[in-house]
Amino acid sequence: MKIPELRNRILFTLGMIIVFRIGTHIPTPGVDGSQLMSMFGEQTSQVFSFFNMFSGGALRRFSVFALGIAPYINSSIIMQLLVYVIPKFEHLAKEEGEEGRRTINQYTRYGTVLIGALQALGISFMLERFGCVQTPGLWFKIMAVITLTAGTSFIMWLGEQMTARGIGNGISILITAGILAGLPEAIVQQYALFQGDLIDFIRAAFLLVFIWVTILLIVFVQDGVRKIPVQYAKRVVGRRVYGGQNTYIPLRVNQAGVIPVIFASSILMFPAMICGWLKSASFMTEYLAKYEILEKLLSLFDYNSFSYLFIYVVLIIFFTYFYTAITFNIQDLADNMKKYGGFIPGIRAGQKTVEFLEKTTSRVTLAGGIFLSIIAVIPNLLIMLMKVNFYFGGTALLIVVGVAMDTMRQLESHLVTRNYEGFMKKSKGFK
């Protein structure tokens, strides 16, 4: 806190979190709050609790931030996929540099507004169907679309400002703040489930030990690296000798961090929630009874079904590979090593180095994806076996601990940079 720049970044981040929490308590106009609470109380609690956790409680109150940051995440996924499909976007990402990234970010913002508007329109129809609107009609739909889309756009802007002027990744910090905001209420709800007998005490002790062990595993894997040794050949330039040192390439086991879990959860949130609403709707009962195929399709996204867990695990592993491929360019790394005379012992420089790095990265990434999958499906097992709240499951712990570690790394990098600048200034003054 003694460094002005770092202090301002921390205070700015905390201020934006406060603004975000205030917005989660501003209700959307025209919605009957009491009827909405009763409707949500009748729905499947797992899907609603999961979605409500990501929105920071805004969904249950149906505030102006009810959509949360999910439209922005979905738009980011679509744009990152399009970069590898559409040549124009690939050219922007690889050839245009910073200007190209700005253009892609602008397209991502447009996609966020479009996805948010479509989701808001669908939610407005759902609210009218369940009788949660005071004055249903066209004007309510227009107002709901404008309000909810503006809310998610404002959250997107907050996250970008926090990333640029604060500490850590703004979007991830907002998701973490929403999870932590609901933690006290989750503790109270979990305490109400225990009756005080011996079995409940054993469950409580097991839960505490499980949370502690899970946090340790997350920290261990997040900091785990596969070190690939690299040697640099000696070069004689004039009377000086360059190179000759030994170093290593640190391949992180979980290169993607918590991004795959957030992406996979965002994709599966809406199908699961819509299926839950359709199952509880009265007009769907005769159709579900008549067409067994429709019922089977709806059961695919049931939160506690094997099909849901299978799709969830596949998406997590896919996004682990996908995000690692985006952030870690093996071809450029191999070219730079060859350019400066570096090589991996026993591996030829050039294409052989690329193949070795791709093979090693694929194995390390698979281990990281399997770990993320195991942590992510733990809440389902705890809910079925011990009636544990979502906030004590692996997904919430993974996001909170992972974001906290990433934020601390950025904080440490700022401190190191500041210290180096101080040494450089002292050396200039001495000279």
Side-chain angles (χ1 to χ4, degrees), residues 46 49-50 53-54 168-169 172-173 175-180 182-183 186-187 190 202-228 250-266 268 303-304 306 308-324 327-328 360-412:
Q46 288 89 351
S49 299
F50 196 56
M53 179 185 71
F54 269 81
N169 184 280
S172 300
I173 289 178
I175 295 175
T176 304
I179 295 175
L180 295 178
L183 186 59
I187 294 176
Q190 192 64 41
I202 295 176
R203 288 180 178 177
F206 173 80
L207 180 61
L208 294 177
V209 173
F210 168 79
I211 292 174
W212 178 252
V213 172
T214 303
I215 292 175
L216 292 180
L217 288 175
I218 293 173
V219 174
F220 179 75
V221 175
Q222 290 287 87
D223 284 340
V225 294
R226 166 75 159 86
K227 297 182 179 179
I228 299 178
L251 295 180
R252 292 180 58 188
V253 176
N254 187 17
Q255 182 77 21
V258 299
I259 300 299
V261 177
I262 296 176
F263 279 8
S265 303
S266 300
L268 288 179
Y303 190 81
N304 291 323
F306 175 78
Y308 179 91
L309 295 180
F310 178 76
I311 297 174
Y312 194 25
V313 169
V314 170
L315 286 177
I316 290 176
I317 295 178
F318 168 75
F319 282 118
T320 302
Y321 275 97
F322 179 73
Y323 195 79
T324 302
T327 57
F328 186 63
T360 306
T361 304
S362 178
R363 292 179 177 180
V364 173
T365 304
L366 179 61
I370 293 175
F371 170 76
L372 291 177
S373 303
I374 294 175
I375 295 296
V377 301
I378 283 177
N380 302 73
L381 302 178
L382 293 180
I383 289 170
M384 292 184 290
L385 299 177
M386 297 182 59
K387 298 181 179 180
V388 173
N389 197 288
F390 272 94
Y391 287 87
F392 303 100
T395 305
L397 290 177
L398 179 65
I399 293 174
V400 172
V401 176
V403 172
M405 292 180 64
D406 291 339
T407 304
M408 289 304 298
R409 288 194 190 97
Q410 291 198 21
L411 185 64
E412 184 180 0

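Across Gly369 and Ile316, no two heavy atoms sit closer than the pair O-CG2, 4.1 Å. Taking each heavy atom of Arg252 and Gln222 in turn, the nearest pair found is NH2-O, 3.4 Å. When every heavy atom of Tyr312 is checked against every heavy atom of Ala264, the shortest pair comes out as CE1-CB, 3.7 Å. Taking every heavy atom of both residues into account, Val313 and Ser373 meet most closely at CG1-OG, 3.6 Å.
Phe371 has its side chain out of reach of Val253: every pair of non-hydrogen atoms, C-beta onward, lies at least 4.5 Å apart. Looking at Phe310 and Val377, their side chains never come closer than 4.5 Å, going by heavy atoms from C-beta outward.
Ring geometry for Phe322 versus Phe318: interplanar angle under 30°, hence parallel rather than tilted (30 to 60°).
Summarising the geometry, atom CD1 belonging to Ile399 is positioned 8.5 Å from atom OG belonging to Ser172; distances are rounded to the nearest 0.5 Å. We find the CD1-CG distance between Ile228 and Leu251 to be 4.0 Å, quoted to the nearest 0.5 Å. For the atom pair CG of Asp406 and OG1 of Thr176, the computed distance is 9.5 Å after rounding to the nearest 0.5 Å. The line from CD of Gln410 to CG of Asn169 is 7.5 Å long, rounded to the nearest 0.5 Å. Interatomic distance, CD1 of Ile175 versus CG of Leu180, reported as 12.0 Å (0.5 Å rounding). The CG atom of Leu372 sits 5.5 Å away from atom CG of Leu398, with the distance rounded to the nearest 0.5 Å.
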Audit row: Thr365, Gln255, side chain to side chain contact (heavy atoms under 4.5 Å, CB included) steps and yes/no: CA-CA 7 Å; Thr365 304; Gln255 182 77 21; 5.7 Å; no

Step-by-step side chain to side chain contact (heavy atoms under 4.5 Å, CB included) determination, Thr361 to Tyr321: CA-CA 9 Å; Thr361 304; Tyr321 275 97; over 6 Å; no

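Under a cut-off of 6.0 angstrom, the local environment of CZ in Arg363 is sparse, with at most 12 non-hydrogen atoms contributed by other residues, nucleotides or ligands.
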